[in-house]
Amino acid sequence: MFRGKVRRHVEAIATGLKYLVKPNRITVYYPEEAIVLSERYRGMIHYDWDKCISCGLCAMICPADAMKMYRKKGEKKARPGINYQRCIFCGYCVDICPTNALSFTRVHDVAFEKLDEMLYPPEKFTSEWRSPAEERGARRLRVVFDEERGLKHVPEQ
Amino acid sequence: MSSSVMEARLLEKEGDEEVYEVFIGPQHPASGHMRLIVRLEGDVIVGVDPDIGWVHRTMEKLAESKEALKAIPLLERMTIIDSQNVTIGYVRALEKLLGVEPPPRARYLRTLLSEINRIASHLYGMGLAGIFVNHSTMFMWCFGDREVWIQLAEELTGARLTHSYSVPGGVRRDLPQGFKEKALKAIRYMEKRLDEYHRIFFDNPQVRARYEGVGVLKPHEARRLGVVGPNLRASGVRYDARLLGDYGVYDELEFEIPVREEGDAMSRLLLRGDEIRQSMNIIRQVLDKIPEGPILAEKYLRLIPPKLREPALKEGRIKFPGIFANLKLPKGEAVARAEMGHGEIFYHVTSDGSKKPYRVRVVTPSFRNVILFRYLPPGHRFMDLPAIYGSLDYFPPEADR
């Protein structure tokens, strides 16, 4: 009984020591390094002005009321705009868009200085998204599954 | 509640001046926003009142104000760490109302994500059980290894936690390229890690001293109190909503429902480890057996214009048919139950024939398990309370809804 306890104490400490010598770090040093998000990642949404047929399905299905149709005075067509204060990135709008005018980008690390900046009316909605970390030259890291370490972050070629 | 079993556990007497009241919470005491009002006689607990409701968000009422499909991302936020399992019951209830069945491949994919979520949820619970007794290594390890499963879920669904993966009639994304190899690597990694968990935590005499023989829940009490999930199965009752065969492909797979007899805090922890092994066994079988075919029911698939449908299917995703924006629910009622990481979740959806459900009733596993805070700790030392709390894997936002 006593011997078994001592053995298990030693085993516990030995297991801990193993990782003291050879730690299994998964932290990524953002913004010097940035993870390349997976291919179907649901990030910020891009709007294609020319493909849109103003059907309004995106605004209808939005569960968070983030998407709204905007109509300018004198214009017949209403166009979608998004409020990123409300968006929950469920991607329903992209999935229901019948002309693929809406699409996901793999950018999610965007910061806004003012709340108003998170409002994207149709004209602004067409803007391209770029990761601020990558713009400042962060090393791009790919996530690789590994039997020994679980996840590894390796530089993208 | 006049049972002698329960009275025996409630030692508190009114007007007792020897009794101290200690308020734990509602700031984050380690696992969530709730308050425990603990009554102590010296160092011995004589009564605990779980004071819940601090994170109540009127989920059921909000679900009534939204079109049926829009409630999926909402209800997901009850248990954000287990979002597929928490919404699959709702989706099944909608499917029963709409009279649509998911195709086989979609059912396999749902099972796959359900089990990935279950593993992540158990790791979360085990990590917190570690930090409750100041074992921060276990906390860090579990949360680090949970990342592996979150990464798998992200590659399948496109989101780390809020997957919104199941929709009435099927799922939104097909298996990505090379998913099987990645999942098998994750499983082999996790199997090794579980052995290490045993060495550093479960078999560690210091941890055993805190958890063993503490907060014993007897089978007949567990049944009486309506406890669900691993907390019930650790008391020797073999009940699991997956056995009902209402969702997923659990009736086509071979797996065990782990059961332990002791009913103490340690067995509740060990049972979660057993379940992780079984979940990995299920994932292996799902990846081997998964049939080819559509991932959305034919009824909805043919509503998508072919010009739109075919390129999307090639990318392994579906487009929603326009009808999803205002899906009309036929008049009637439907119930569904599913097994989450924390236990069984129950949905009762009533429809009056409009687009929005008339009523969505949710009974969550944490809500059913919270009663244990009242009945398990009395008679124990105060420092046993964190051990009992940690072993229950209680998730306040889920109980409060």
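First the proteins, then the strands, lettered A, B, ... as listed; each starts at 1.
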**Message:** Counting only non-hydrogen atoms closer than 4.5 Å, does C55(A) touch chain B with its backbone (N, CA, C, O), its side chain (CB onward), both, or neither?
**Reply:** neither
**Asked** Which heavy-atom pair separates S65(B) from K356(B) by the least distance, and what is that distance?
**Response** O-CE, 3.7 Å
**Asked** Is it the backbone or the side chain of E148(A) that comes under 4.5 Å from a heavy atom of chain B, or both, or neither?
**Response** both
**Fill in**
If one checks every heavy atom of F89(A) against chain B at 4.5 Å, the contacting part turns out to be neither
**Prompt:** Can you name the closest pair of heavy atoms from E154(B) and Y41(A) and give their distance?
**Reply:** OE2-CD1, 3.4 Å
**Request:** State, to 0.1 Å, how close G273(B) and M126(B) come at their nearest heavy-atom pair, and which atoms those are.
**Result:** N-SD, 4.1 Å
**L152(B) versus chain A, the contacting section by heavy-atom distance below 4.5 Å** = both
**Request:** Heavy-atom distances under 4.5 Å only: say whether D203(B) touches chain A with side chain, backbone, both or neither.
**Result:** both
**Complete:** Here the pair of heavy atoms bringing L308(B) nearest to P98(A) is CD1-O, 3.1 Å
**Prompt:** Looking at L156(B), L184(B), V207(B), which one has more heavy-atom pairs under 4.5 Å with chain A than the rest?
**Reply:** L156(B)
**Prompt:** Most heavy-atom pairs under 4.5 angstrom with chain A, which of R172(B), M140(B), Q206(B)?
**Reply:** R172(B)
**From CZ (F201(B)) to OG1 (T137(B)), nearest 0.5 Å** = 10.0 Å
**Prompt:** With no hydrogens and no angle check, do the side chains of Q151(B) and E155(B) hold a donor and an acceptor under 3.5 Å apart?
**Reply:** yes
**Complete:** Looking only at E76(B), R77(B), R160(B), the option with the highest number of non-hydrogen pairs under 4.5 Å against chain A is R77(B)
**Request:** Name the region of Q177(B), side chain, backbone, both or neither, that has any atom closer than 4.5 Å to a heavy atom of chain A.
**Result:** neither
**Asked** Side chains of Y124(B) and D82(B): donor-acceptor distance under 3.5 Å anywhere?
**Response** no
**Message:** I need the residue from I61(A), N100(A), T99(A), V143(A) with the largest number of non-hydrogen atom pairs under 4.5 Å to chain B.
**Reply:** I61(A)
**Contacting region of R317(B) [heavy-atom separation from chain A under 4.5 Å]** = side chain
**Prompt:** Quick one: what part of L74(B) sits under 4.5 Å from any heavy atom of chain A, side chain, backbone, both or neither?
**Reply:** neither
**Message:** Is it the case that over 12 heavy atoms from other parts of the model lie below 6.0 angstrom from the NZ atom of K61(B)?
**Reply:** no
**Item:** Region of N24(A) that comes under 4.5 Å of a non-hydrogen atom in chain B
**Value:** side chain
**Asked** Which bit of P176(B) is near chain A, if near means a heavy-atom gap under 4.5 Å: side chain, backbone, both or neither?
**Response** both
**Item:** chain B contact via V94(A) - which portion, at a heavy-atom distance below 4.5 Å
**Value:** both
**Message:** Ring-plane angle category for W129(A) and Y120(A), please: parallel below 30°, perpendicular beyond 60°, tilted otherwise.
**Reply:** tilted
**Request:** Would you name the heavy atoms of V148(B) and F145(A) that are closest together and state the gap between them?
**Result:** O-CE2, 3.6 Å
**Message:** Under 4.5 Å from any heavy atom of chain A, what part of K182(B) do you find: side chain, backbone, both or neither?
**Reply:** both
**Asked** So which of M190(B), E196(B), H198(B), K66(B) has the largest heavy-atom pair count under 4.5 angstrom toward chain A?
**Response** E196(B)
**Item:** Which atoms of H163(B) approach chain A - backbone, side chain, both or neither, heavy atom under 4.5 Å
**Value:** backbone
**Request:** Check each atom of R106(A) against the heavy atoms of chain B and say whether the ones under 4.5 Å are side chain, backbone, both or neither.
**Result:** neither
**Request:** Measure I26(A) against the heavy atoms of chain B and call it side chain, backbone, both or neither at under 4.5 Å.
**Result:** side chain
**Asked** Taking the six-membered ring for Trp, is the centroid-to-centroid distance between W141(B) and Y19(A) below 6.0 Å?
**Response** yes
**Separation between CG of N117(B) and CD of Q84(B), rounded to the nearest 0.5 Å** = 6.5 Å
